[in-house]
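Okay, structure first, notes after.
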Amino acid sequence: MKIYVPRDSAAKALGADAVAVALQVEADKRGLEIELIRTGTRGMIWLEPLVEVDRGTGREGFGPVAPSDVPALLDGTLAGLGPVEEIPFFARQTRLTFARCGLIDPLNLTEYEAHGGLAGLRRALGLSGEAIVDEVKLSGLRGRGGAGFPTGIKWDTVRMAKADRKYIVCNADEGDSGTFADRMIIEGDPFCLIEGMIIAGLGTGATKGFVYLRSEYPDAIAVMGEAIEIAYRAGVLGGDVLGSGSAFDLEVRVGAGAYVCGEETSLLNSLEGKRGVVRAKPPLPALEGAFGHPTVVNNVLSLATVPVIFEKGAAAYADFGMGRSKGTMPIQIAGNVKYGGLFETAFGLPLGDLVNEIAGGTASGRPVKAVQVGGPLGAYFAPSQFDTPFGYEEFDGAGGLIGHAGIVVFDDSADMLKMARFAMEFCAVESCGKCTPCRIGAVRGVETIDRIAQGDAAAVPLLTDLCETMKEGSLCALGGFTPYPVMSALTLFPDDFAATKEAAE
Amino acid sequence: MPHTPQQSLQPSAQQPSTAEIAALIDSQIGLEGPLLPILHAIQSAYGHVPQVAAPLIAEALNISRAEVHGVMSFYHDFRDVPAGRHVVRICRAEACQAVGGAALADAALERLGVAWHGTTANGAVTIEPVYCLGLCACGPAAMVDGALLGRVDFDRLDEILTEVGA
């Protein structure tokens with residue numbers, strides 16, 4: 001009997017380790033032979049710890065499982081969820097990037113290969129750098145970190161740059177609230193990221209990569225480090241990638257708690273051992289990036305999607321999605337929801353379907369008031385905008401952004417003035433200090449919102465003006481996008497900004 | 001690496017010797033851009049980056065002490081004084097706020113009688129805000145030393161704080 005228990009940190013935070021121990025202890029007590037396999041998570045976080053049992057007829061799900069459920073689980077009397085892949089939340093998805101996440105032991109390279117791993121890399125090894133970049137261009141893959149810049153074009157700039165040294169930097173500084181897909185894939189399928197980075201190296205002529213991982217993710221740091229060691233031992237990384245003669249080296253670098261280091265130029269400064277302040281562009285990192293050399297800086301999900309593009313072909317990938325948003329997006333459903341977790345689907349699903357159907361509405365059972373899409377710098381959406389299809393241009397057109405595709409749902413107890421204030425406060429705490437609109441503006445923003453809260457109506461146009469200045473004048477997205485949550489809260493929920501004012505009058 | 005950024009302080013490690021620190025610097029100096037790895041290594045060993053380390057790092061990397069200080073003070077993780085025996089971090093970000101994170105954080109501060117970044121009088125607990133632990137679908141989230149906790153409610157918070165000796 002095979003029993004699968006996730007080792008993902010969300011599952012662990014909900015008690016998966018204690019369940020795994022209880023399973024082994026109980027099985028030993030009964031003299032029952034079990035094969036206990038620790039996997040990533042399937043992404044159905046409301047069911048975690050989600051234990052899967054395979055008695056030879058496929059994987060049946062049970063969850064959430066507590067250690068006290070273990071005897072019944074082994075007796076076969078515990079009520080289950082049926083075949084895991086038939087659970088509606090899972091069955092509705094199109095899993096390309098996350099195909100293996102939750103399915104296999106993340107550190108078992110043999111299993112990785114058995115489930116399609118390394119097929120993309122083997123194909124890429126037979127292609128020229130130009131052909132590799134063309135394939136990525138053809139797939140329509142755009143930066144999954146938030147900016148949505150075409151990945152193939154970025155790679156081509158690095159490929160054509162003349163330099164004796166080039167780098168691939170993976171941005172795993174996933175600081176946005178409501179997002180956890182980077183963490184999930186690193187903990188659940190790290191070889192996929194390694195494979196994607198090697199293909200990026202082959203395409204651009206880079207032979208060294210860094211994974212810049214945030215310190216808030218200790219489990220991901222550990223798994224990534226182990227996966228890199230295993231990949232070196234297996235000859236996947238190193239001086240002779242799979243016997244091809246091409247070299248690729250990879251290192252993990254740990255951040256130090258600065259949100260702004262998720263911005264690519266700030267990340268590069270941090271990697272070099274400097275204060276994580278933002279750099280002015282140009283020069284583009286593609287031409288002068290890490291240590292002054294041409295550098296690809298890509299998000300985890302962009303790089304982890306590359307292997308499947310090479311495995312199945314660019315055209316197959318581009319068949320998913322709509323308009324200029326090609327392929328699939330791993331959407332992270334978070335906050336006050338009934339069914340929270342990761343939902344990978346082709347672009348185009350309306351926001352309301354995600355919130356009301358997939359996420360099942362709020363966990364509290366109260367009406368949905370607002371949904372923040374794209375992290376702390378993303379706009380709030382009201383239910384009146386729920387017909388907006390999930391895509392880069394569509395969200396831009398609705399005055400927001402999809403960012404890293406995290407959606408955070410709030411019920412009607414949320415005070416949107418407080419949320420706007422928090423956005424400014426967060427910007428003030430995390431500002432790198434280089435540009436004035438962000439450094440000073442965020443502090444003034446908190447003060448101005450406090451004036452509104454105290455009933456000063458004259459502060460509303462001031463806040464609007466300040467947001468305009470931050471949006472137009474900031475050097476990066478931290479100061480430039482903080483106005484999104486602030487202004488959307490002010491525009492969509494004016495009552496929250498007026499109630500206290502009326503009370504004061 | 002891997003390491004836990006904020007380990008509880010080993011009492012015997014309070015007066016690190018120059019030689020020990022030099023060895024830690026030496027273990028990382030071969031890396032490209034070694035300053036952050038060096039600071040992490042020192043903090044991982046001592047729970048903070050002691051003052052004696054700055055001139056040694058500056059010397060080894062051929063940068064000024066001001067630059068070392070500038071980098072250290074930029075990042076939230078690095079501390080120049082030891083934390084309490086345990087570090088409790090509570091997520092303040094939006095997804096946790098959507099499920100009552102702010103009230104939970106307030107309760108924690110009240111129970112400990114300190115503000116953010118404060119350490120209890122008995123030296124047992126330092127409380128830090130954290131902006132996202134990636135547990136956004138099972139908030140409110142907290143981290144006690146290296147261990148992550150999801151769906152923390154008031155009772156669980158009380159248990160945690162009692163366990164760490166607050």
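Here is how names work: the chains are called A, B, and so on, in the same order as the sequence lines, proteins then strands, and each is numbered from 1. Predicted model only: the values in this text are computed from it and were never measured.
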Most contacts with chain B, counted as non-hydrogen pairs under 4.5 angstrom, among [options]:
options: Ala363(A), Cys432(A), Gly406(A); result: Cys432(A)
options: Ser364(A), Gly178(A), Pro485(A); result: Gly178(A)
options: Phe426(A), Phe180(A), Phe422(A), Tyr217(A); result: Phe422(A)
options: Gln372(A), Lys12(A), Gln332(A); result: Gln372(A)
options: Ala370(A), Ala423(A), Gly276(A), Ala181(A); result: Gly276(A)

Shortest non-hydrogen contact from Ala405(A) to Pro330(A)? CB-O, 3.8 Å
Between Glu251(A) and Arg253(A), does any NZ, NE, NH1 or NH2 come within less than 4.0 Å of an OD or OE carboxylate oxygen? yes
Please flag which part of [X] lies under 4.5 Å from any non-hydrogen atom of chain B: side chain, backbone, both or neither.
X: Ala10(A); answer: both
X: Val409(A); answer: backbone
X: Ser9(A); answer: both
X: Tyr259(A); answer: neither
X: Glu425(A); answer: side chain
X: Lys418(A); answer: neither
X: Phe210(A); answer: side chain

If we count only N and O atoms by modelled type, under 3.5 Å, do the side chains of Ser270(A) and Tyr75(B) hold a donor and an acceptor together? yes
Using distance alone, with no hydrogens and no angle criterion, decide if Asp176(A) and His404(A) have a side-chain donor and acceptor under 3.5 Å apart. no
Top of Gly100(B), Gly70(B), Ala95(B) for chain A proximity - count of heavy-atom pairs under 4.5 angstrom: Ala95(B)
With chain A, the option among Cys132(B), Cys91(B), Cys138(B), Cys96(B) that has the most non-hydrogen atom pairs under 4.5 Å is Cys132(B)
Other residues, nucleotides and ligands only: do more than 12 of their heavy atoms fall within 6.0 Å of CD on Glu59(B)? no
Check the pair His76(B), Glu430(A) against side-chain hydrogen bond (donor to acceptor under 3.5 Å, both in side chains), reporting the backbone distance first and the verdict last. CA-CA 9 Å; His76(B) 300 305; Glu430(A) 297 296 340; 3.1 Å; yes
Using non-hydrogen atoms and a 4.5 Å limit, figure out which bit of Val71(B) sits close to chain A: side chain, backbone, both or neither. both
Ring geometry between Phe343(A) and Phe89(A) (parallel below 30°, tilted from 30 to 60°, perpendicular above 60°): perpendicular
Check whether any side-chain heavy atom of Leu39(B) lies under 4.5 Å from a side-chain heavy atom of Leu35(B), and answer yes or no. yes
Just wondering, do Met224(A) and Leu213(A) contact through their side chains at under 4.5 Å, heavy atoms? yes
Show, in sequence, the C-alpha distance, side-chain angles and deciding distance for Tyr380(A) and Tyr484(A), and conclude whether the ring-ring contact (aromatic ring centres under 6.0 Å, His included) test is met. CA-CA 8 Å; Tyr380(A) 287 99; Tyr484(A) 275 106; over 10 Å; no
